[in-house]
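No hydrogens, no waters, no symmetry mates; every other heavy atom, side chains included, goes into these values.
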Amino acid sequence: WEHARNLAAFATIYKTVLVLFKAASHRLLEADGNSRSKSFGRLLLSLLVNGYSYGGTGGRRLVPRPPGHPEKHHHALIAGAIGGYVVWGHYSSVNYQIVLYLTSRILVGLGKRFFLP
């Protein structure tokens with residue numbers, strides 16, 4: 001029961017954060033076209049949501065991403081970190097097993113990416 005509840009809570013938080021990032025990204029892109037002045041807080045929010053553009057104009061994608069998919073790559077990382085901290089942040093034996101499993105999967109993935117040809 002605890003395992004299923006935790007997975008459902010993680011999926012809900014993850015998808016909710018992705019939707020919030022996507023909405024914020026679209027709102028910031030629309031607002032950037034209307035005004036040139038930016039406050040420091042708006043600049044930080046823009047960097048968090050849209051990332052740093054390397055001299056390009058950025059802008060909206062011609063083909064929008066389907067619902068539930070991250071608009072930018074770092075959105076998935078941030079949403080996963082928030083969901084993982086909220087759901088698996090407290091100790092229980094089930095959470096401990098899940099964290100061990102996820103840690104091993106991450107290490108195997110990093111090993112394949114950086115140490116195998």
Original post:
Say you draw a straight line from CD of Gln97 to CH2 of Trp88; how long is it, rounded to the nearest 0.5 Å?
Top reply: 13.0 Å
Return a table of donor-acceptor pairs under 3.5 angstrom between the side chains of residues 103-110 and protein atoms on other chains or two or more places apart.
residue	atom	partner	partner atom	Å
Thr103	OG1	Val99	O	2.7
Ser104	OG	Tyr101	O	2.7

**OP:** Examine Val94 and Val87 and state if one hydrophobic cluster contains both, with Ile, Leu, Val, Met, Phe, Trp and Tyr joined whenever side-chain heavy atoms are less than 4.5 Å apart.
**Re:** yes
Original post:
Quick one: are Ile78 and His74 in side-chain contact, heavy atoms under 4.5 Å?
Top reply: yes
Original post:
Members other than Tyr91 in its cluster, when Ile, Leu, Val, Met, Phe, Trp, Tyr link by side-chain heavy atoms under 4.5 Å?
Top reply: Tyr96, Leu100
**OP:** Group every Ile, Leu, Val, Met, Phe, Trp and Tyr by side-chain heavy-atom contacts under 4.5 Å, then state whether Tyr14 and Leu7 land in the same group.
**Re:** yes
**OP:** Is it possible for you to say whether Val17 and Leu102 belong to one hydrophobic cluster, with membership spreading through side-chain heavy-atom contacts below 4.5 Å?
**Re:** yes
Original post:
Can you tell me how far CG of Asn95 sits from NE2 of His3, rounded to the nearest 0.5 angstrom?
Top reply: 10.0 Å
Subject >> Cluster check Leu20, Val86: I/L/V/M/F/W/Y, side chain < 4.5 angstrom >> reply: no
Original post:
Can you name the closest pair of heavy atoms from Gly83 and Ile13 and give their distance?
Top reply: CA-CG2, 3.6 Å
**OP:** Look up atom OG in Ser93 and atom CD1 in Ile98, then write down how far apart they are to the nearest 0.5 Å.
**Re:** 9.5 Å
